[in-house]
Amino acid sequence: MNLKNLAVLGYGLLFVGLLAAPFLGAYPVFVMKLMCFALFAAAFNLLLGYTGMLSFGHAAFLGGAAYVTGYAIKVWGLTPEVGLLLGTAGGAFLGLIVGFFAIRRTGIYSTMITLALAQMLFFVALQAPFTGGEDGLQSVPRGMLFGLIDLKNDLVLYYIVLAIVVAAFLLIVRTVHSPFGQVLKAIKENEPRATSLGYDTNRFKLLAFVLSAALSGLAGALKTLVMGFATLSDVHWTASGHVVLMTLLGGLGTLSGPLVGSAVVVLLENKLGEVGHFLAETTHIDWFNTLGESVTMVTGLIFVVCVLAFRRGIMGEIIAWLTRRRGAGKI
Amino acid sequence: MASTASQTPALEIAKLEAWYGESHVLHGIDVVVRPGEVVTLLGRNGAGRTSTLRAVMGLTGARKGSIKINGVETIDMPTHRIAHLGVGYCPEERGIFASLSCEENLLLPPVLKTGTPGMSLEEIYDMFPNLAERRNSQGTRLSGGEQQMLAVARILRTGAKLLLLDEISEGLAPVIVQALARMITTLRTKGYTVVMVEQNFRFAAPLADRFYVIEHGAVVQHFAAAELESRMPILNQLLGI
Amino acid sequence: MSDFILETRNLTKEFKGFTAVSDVSLNVQRHSIHALIGPNGAGKTTCFNLLTKFLEPTSGSIRFNGRDITREQPAQIARRGVIRSFQISAVFPHLTLIENVRIGLQRRLGTAFHFWRSERSLRQLDDRAMQLLTEVGLEDLADEVTVNLPYGRKRALEIATTLSMEPELMLLDEPTQGMGHEDVDRVTDLIRKVSVGRTILMVEHNMKVVSTIADRITVLQRGTVLAEGPYDEVSTNPEVMEAYMGSTDAQLQGAH
Amino acid sequence: MEFFGISLPGLLSQLLLGLVNGSFYAILSLGLAVIFGLLNVINFAHGALFMMGAVITWMAMNYFGINYWVMLVVAPLVVGVFGVLIERLLLRWIYKLDHLYGLLLTLGLTLLIEGVFRSVYGVSGLGYDTPDLLSGGTNLGFMFLPNYRAWVVVASISVCLATWFVIEKTKLGAYLRAGTENPRLVEAFGVNVPVMVTLTYAFGAALAAFAGVLSAPVYQVSPLMGQNMIIVVFAVVVIGGMGSIMGSILTGLGLGVIEGFTKVFYPEASSTVVFVIMVIVLLIRPAGLFGKEN
Amino acid sequence: QEKVVIGFVTDMSSLYSDVEGKGGATAIQMAIDDFGGKALGQPIELLTADHQNKADIAASKAREWIDTQGATMIFGGTNSGTALATAKVAQEKKRVYINNGAGSSALTNEACTPYTVHYGYDTVALAKGTGGALVDEGYKTWFFLTADYAFGHALEKDTSAVVEAKGGKVLGAVRHPLNASDFSSFLLQAQSSKAQVLGLANAGGDTINSVKAAKEFGIDKTMKVAGLLVFLSDIHSLGLKNVGGLLHTTSWYWDKDDASRKFGEKYFAKMKRMPTDVQAADYSATMTYLKAVAAVKTTDADKVMEYMKKTPINDFYAKNGIIRPDGRMVHEMYLVEAKQPSESKKPWDYLKIVKKLPGDSVFTTKADSKCALWK
Ligand SMILES: Nc1ncnc2c1ncn2[C@@H]1O[C@H](COP(=O)(O)OP(=O)(O)OP(=O)(O)O)[C@@H](O)[C@H]1O
Ligand SMILES: Nc1ncnc2c1ncn2[C@@H]1O[C@H](COP(=O)(O)OP(=O)(O)OP(=O)(O)O)[C@@H](O)[C@H]1O
Ligand SMILES: [Mg+2]
Ligand SMILES: [Mg+2]
């Protein structure tokens, strides 16, 4: 079987798995949250993996859109689909602003610019009257989709979220393999040359930025709908750090990497405590009981290990392994 | 004139192999350079001449074999210690520093504790008036050719007696090339040992005492200047001159 | 339309008190190969950078096909048909050869921003891309990844990509620098071949190349034009010999 | 005399206070610039090293009774040694890679270091008293200036200037600058670059720790104290442009002062003003105030 | 057979972990043990988790515990965002929800639910307590140093209202950003207002830093410094040298009476720290809940809530505490002052009680309440 078929098979299995998940005892709300983060990471990877621009401010798009959607639905009483649209548009708009500044510099400077601008948004979210400060924007109703479908039911919402996330993911795949994607690759490889071939490289980078921000916004908007609130933790810089970790851990520049990476990181964040309790019980080492409070430490450790020993990430390693094996098989 | 010194070669490379990461670029180079000699490494593009010089400086990846400088084995030495044995290296890509002015670039390489003083700043500016004129410009603001001059000039100050020069006539105007040729002749009379890598055969031919031809990371020919005429046909074939 | 495809008037570039290009008025004849030579630091590369607006001129104007392009952006100038190559080879190393060429062709489709469209829509360009690769003798390597190519081939690929832009005016900065003799000959032939129906302005130190293909030569020195004319005329100009070629005739041919 | 409703003495005192904060920005952005220069690593861990400086000072006082003045030297040394370890054991492996890995590695390191300190010391902050010699204050006529704050300004500006002198005016500095661009070549000239790199990182870490010691009596000593500082310092660095050492010092001081004035005229914006300035500077000078294009 | 499962989710590793954190879990476990470890004939189970101050983690933990572990009561911790989100989940799933760590009065006001019990302090009580008591003592003119976000604004607004209602005057306020490291410039502005009281409408590190800077600049010599949200853990980490004289309101202090001292010492034996008022409240609230379950012989949230709301609470924490229809547990609060170092006689001897504040005088009144359940 060649790699491409294998990939198709993998995605197929994943999709079927997600379709069946609620009936296999998975927790719909949790899986929805996972999917939101997976979309977030995939959107982030679209920028980093395919244009080489490292944004450290993606929390702004996730969180910003979460607030927009929350506000639209809760305060203006708009329907969920309009809320989602507004959230995505909000993400895109923020992306346009941040991107406008970020592309003025390259490399690490551009990264710091995204970080700084996102931090600015954090303070706005903290101080602005409509975000609820550190209480967050709470009790956002799920409402009726198109005025018809009641989203209060977790299962109904689950399949809608699944459909949206899959569609968004397909859009990302398509973007990577589009004429636009080709130009992005060229710019990543040799920017002055692309300019001399008549491409306004900044406009391409900006569009990539906006696309990535819009999809991150969609993820944030969905998350608000699922969880029923938008809070500061989504705009905090640590959320930006998390999405970088997800992408790096899963495999930078691979389409499937962010999906895997986000699953691992979200599970870690939510279940590390339980893992700790389990370890403590089996090994009788009491210390493990406190593992749950060490999420940041463990996260830090993963970062360090990933960067030092495991740069291709989980999917990157698997793909490399498969390629090698196939290569060896031919000889 | 250097008959006693010829006992220990200035540079003796034996069975040298070198890698860049996983790619194996040198497959056994043997070169001997006596003190005071000018030796030219010839070869096609990508034959491994630059890599040979870089390997001497310890700038490639892994190395194997033996490289002795004035009789001292250096194969396991870190780069900075090799330099202190009295080696000056002028890289192919020039390596001018943007954050330093022209003059700072010139003064950058530390004077080596080899006992022999190098050229003074005045002598150098005499040889390259362009540099004197642009002495306060940022290094990389010099033109391509000026940068090339600077790269050569830089290692003349340190007191290094063994010079490794990679394609120094590249991209230079004919007048400057002629100046460089005169410079090398002068250096030889001053007792410097020079190993040159040259694409420009016409530039190298009248200067060198001996030639090595490298092909696919190994030495395939070597001969003295006197044999040059007789070797022309085979050189034509090897190098397409 | 005037017979000159490119005209500059009193083009000047100053860097913090140092004038790299001063008062250069250059006229490049349509359908000719025009060489720009001069000692190191004469301002040749700077001139190129001005013409393609990688640098902003301090004063003076640039006209292309009679139109003033002095205030335009680099990408815009490229789209007008003025394409440059770089002193260091410029390819997209991790794309295949055919993809490299397609990047040049693709702009014409007007779908460069279409992120929703499949890249299969680019296949229509493959024929033309292969044609271009054939022109530079790389047709057999079309699906190779570019990094693995030897240097000379990369230069050839670069020329193919440049051609894909259908340039009216090609600016080549030292196209044979760092090449072996075979490659030099090959690229010289290539330049001659592609110059049909185009205009080429090139910087070159290799007098052999210049003497064989250049129709007209401008010699720059210290940022100003020292001499201009066909090779024979320029190469015997005593001032030029003094400043650039060097005194002995042997060396004249011999820089490379 | 009044300006915008604030008396001249009021303004003067705010200027002084701004300088105090600016001093911290200056030392921290200077350290970042030095490390970035030679290692090409954006040292996210700078905030954590800053915090270590302060916490170690606190520990020394509380466990061993070692006073402030000793720690002013010892803490940077200890953190410097820690820097040597970081560089030798971790950073060394990633120089050849894209700069993004340096950022991520040091980010991970930050989370780890902060996590460890947090699990030991909690987060509510530890008190550290002003050293007796500098307690009290001086009445400057227009304000009451605590002696300690005056000392912070003097100490940090001296350290900054000394660093500037070494880097811009000495041979060692020339090696550093050249090593920044092409370490292998500098090594081929006979300079021991690996040691230079290690020491540079250690020096940058020590600078951060020095700032940490200085800050201990002013701010609360807490495992999270570096986190809030580091992002602002990043913005300072973008504004200054990391082009020059003097640039990062002046930008740090200047932004401290501007931030100080914002606290008077429009306090709501005092946390965002640095970012706003960053945006404006980028619009006018994409390379930052002291940065070089490309 | 019904089993009592308590799920406790709070900040165990970050900003607020000293206020409640692991100490809270210890206090709850102590209560369970003192209750006998069993209820309705089954061992009582305690689940704990660190929400890392993220509302989505808190809410999903609670949801999961209820659905998969059969949690019968959710104990929400510090951080208002997480508290409000978790309360919503508990309401949806019909589980008892008790909170001590979060200050937001919204929990029993516009966001009140039939299942929420806000047991310890809230921002309204702090504001009214400190503000009202100080004006009564003759400190009439105020200047606020306010953290620039909803929480700070709420504290400032509530306190100003009390101060003005009692005839005091607010001369001004300056807003500072969250986690500001330097307060000197704000303090100079406060000083030039010539007000008698400097009200610190902020929390945690911000309060600590402002108190410290006030000392450094000698501002405490001309103004009375009043913290609106100060915990024992803050005082402990700052040291009396830095905070001596700081006025604030607390819901409990370990040295307030014999019963409290007894609890304090028992807790100290386990944790090597004296409990904060929040941790004490955690113990008391657990007891209250378990007693209610035992009395109604079911874990059914409606029945338990009904019983809790009609039964006064009397223990070392609260005297005649009453859970009102809006979920607010009303009890006595205390205006306290941090001792000067010379007054402190033993470890953890930090506070002296200046004034006892009857519950009715400090918590929201029916007239002000926006809770639909209390109309
Ligand atoms: N950094 C590197 N990594 C991998 N391979 C390299 C590297 N540098 C050179 N090579 C390869 O090593 C071989 C020898 O290169 P080298 O630069 O020594 O050739 P050369 O004879 O100096 O030719 P040139 O005329 O191009 O300078 C070439 O095949 C080249 O592709
Ligand atoms: N950005 C710059 N700032 C300052 N001076 C510059 C800059 N770019 C070029 N120069 C100066 O302008 C002069 C012309 O440089 P240019 O690169 O155009 O020369 P060239 O003719 O291409 O030479 P070569 O043949 O050596 O490449 C040189 O003296 C150089 O030092
Ligand atoms: Mg070479
Ligand atoms: Mg040039």
Side-chain angles (χ1 to χ4, degrees), chain A residues 48 52-57 97-98 100-124 126-128 192 236-238 240-242 244-245 247-249 252 287 290 293-309 311, chain D residues 32 36 40-42 44-45 48 89-94 97-116 118-119 227-228 230-239 241-242 268-279 282-283 285-288 291 294:
Chain A
L48 175 58
M53 275 188 284
L54 170 61
S55 156
F56 219 107
I97 297 175
V98 176
F100 175 80
F101 289 101
I103 59 172
R104 294 173 73 86
R105 297 302 310 272
T106 51
I108 207 77
Y109 279 99
S110 144
T111 303
M112 288 196 285
I113 291 165
T114 54
L115 176 59
L117 288 175
Q119 188 69 0
M120 194 161 144
L121 188 86
F122 172 80
F123 279 111
V124 171
L126 178 68
Q127 287 168 236
H236 196 246
W237 68 264
T238 44
S240 302
H242 262 112
V244 181
L245 180 65
T247 312
L248 185 70
L249 182 65
L252 194 70
W287 178 84
T290 60
E293 290 117 49
S294 320
V295 172
T296 39
M297 250 191 281
V298 174
T299 314
L301 194 68
I302 297 179
F303 255 118
V304 172
V305 171
C306 260
V307 171
L308 287 180
R311 261 183 305 273
Chain D
L32 272 183
F36 179 71
N40 218 352
V41 165
I42 282 287
F44 211 107
L89 298 178
L90 304 174
L91 291 174
R92 179 133 296 189
W93 308 105
I94 55 153
L97 307 174
D98 194 299
H99 59 250
L100 104 95
Y101 291 105
L103 184 74
L104 298 183
L105 182 67
T106 49
L107 168 65
L109 211 57
T110 307
L111 296 178
L112 250 177
I113 298 176
E114 283 182 356
V116 169
R118 192 153 76 179
S119 66
Q227 223 182 59
N228 305 319
I230 188 73
I231 296 177
V232 179
V233 174
F234 277 174
V236 171
V237 160
V238 171
I239 296 169
M242 288 243 253
E268 284 80 358
S270 60
S271 55
T272 39
V273 66
V274 173
F275 305 118
V276 174
I277 293 177
M278 183 187 82
V279 166
L282 283 174
L283 283 176
R285 279 187 66 101
N294 295 319

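Below, chains carry the letters A, B, ... as their sequence lines are ordered, and counting in each starts from 1.
- Smallest separation of non-hydrogen atoms from Gln127(A) and Ser271(D): OE1-OG, 3.4 Å.
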* Give the C-alpha distance, both sets of side-chain angles, the deciding distance and a yes or no for side-chain contact (heavy atoms from CB on, under 4.5 Å) between Ile42(D) and Thr111(A). => CA-CA 10 Å; Ile42(D) 282 287; Thr111(A) 303; over 6 Å; no
* Residues Leu115(A), Phe275(D); criterion side-chain contact (heavy atoms from CB on, under 4.5 Å); working and verdict -> CA-CA 10 Å; Leu115(A) 176 59; Phe275(D) 305 118; over 6 Å; no
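- Residue contact with chain D, scored on non-hydrogen atoms closer than 4.5 Å, involves the side chain of Leu54(A) exclusively.
- Separation of atoms CE (Met120(A)) and CD1 (Ile231(D)) is listed at 14.0 Å; rounding is to 0.5 Å.
- Trp93(D) contributes atom CH2, which lies 9.5 Å from atom CG of Leu308(A) (distance to the nearest 0.5 angstrom).
- Interface remark: Ile302(A) contributes no atoms to any contact with chain D (heavy atom separation under 4.5 Å).
- Proximity to chain A (any heavy atom under 4.5 Å) is shown, for Leu104(D), by both the backbone and the side chain.
- The two residues Arg311(A) and Ile94(D) make their nearest non-hydrogen contact at NH1-CG2, 4.2 Å.
- Closest approach of Val304(A) to Leu109(D), counting heavy atoms only: CG2-N, 3.8 Å.
- For Leu48(A), the part lying near chain D is the side chain, with the backbone staying farther off; criterion is any non-hydrogen pair under 4.5 Å.
- The heavy-atom pair separating Phe303(A) from Gly108(D) by the smallest distance is CB-CA, 3.5 Å.
- In this structure, CD on Gln119(A) lies 10.5 Å from OG1 on Thr272(D), to the nearest 0.5 angstrom.
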* Test log, rule side-chain contact (heavy atoms from CB on, under 4.5 Å), inputs Glu114(D) and Thr296(A) -> CA-CA 8 Å; Glu114(D) 283 182 356; Thr296(A) 39; over 6 Å; no
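- Contact of Phe122(A) with chain D is not made at all, since no heavy-atom distance falls under 4.5 Å.
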* Candidate pair Tyr101(D) and Leu252(A), rule side-chain contact (heavy atoms from CB on, under 4.5 Å), full reasoning -> CA-CA 12 Å; Tyr101(D) 291 105; Leu252(A) 194 70; 3.9 Å; yes
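- Only the side chain of Leu103(D) comes within less than 4.5 Å of a heavy atom of chain A; its backbone N, CA, C and O stay farther away.
- Heavy atoms closer than 4.5 Å to chain A are found in the side chain of Leu97(D), but not in its backbone.
- If you measure heavy-atom distances from Leu107(D) to chain A, the contacts under 4.5 Å come from the side chain alone.
- The shortest non-hydrogen separation linking Val238(D) to Met112(A) is CG2-CB, 3.6 Å.
- Contact of Val116(D) with chain A is made through backbone and side chain together, with heavy-atom distances under 4.5 Å.
- Contact annotation for Leu121(A): neither backbone nor side-chain heavy atoms come within less than 4.5 Å of a heavy atom of chain D.
- Contact of Val274(D) with chain A is not made at all, since no heavy-atom distance falls under 4.5 Å.
- Interatomic distance, Phe101(A) CZ to Met278(D) CE, rounded to the nearest 0.5 Å: 8.0 Å.
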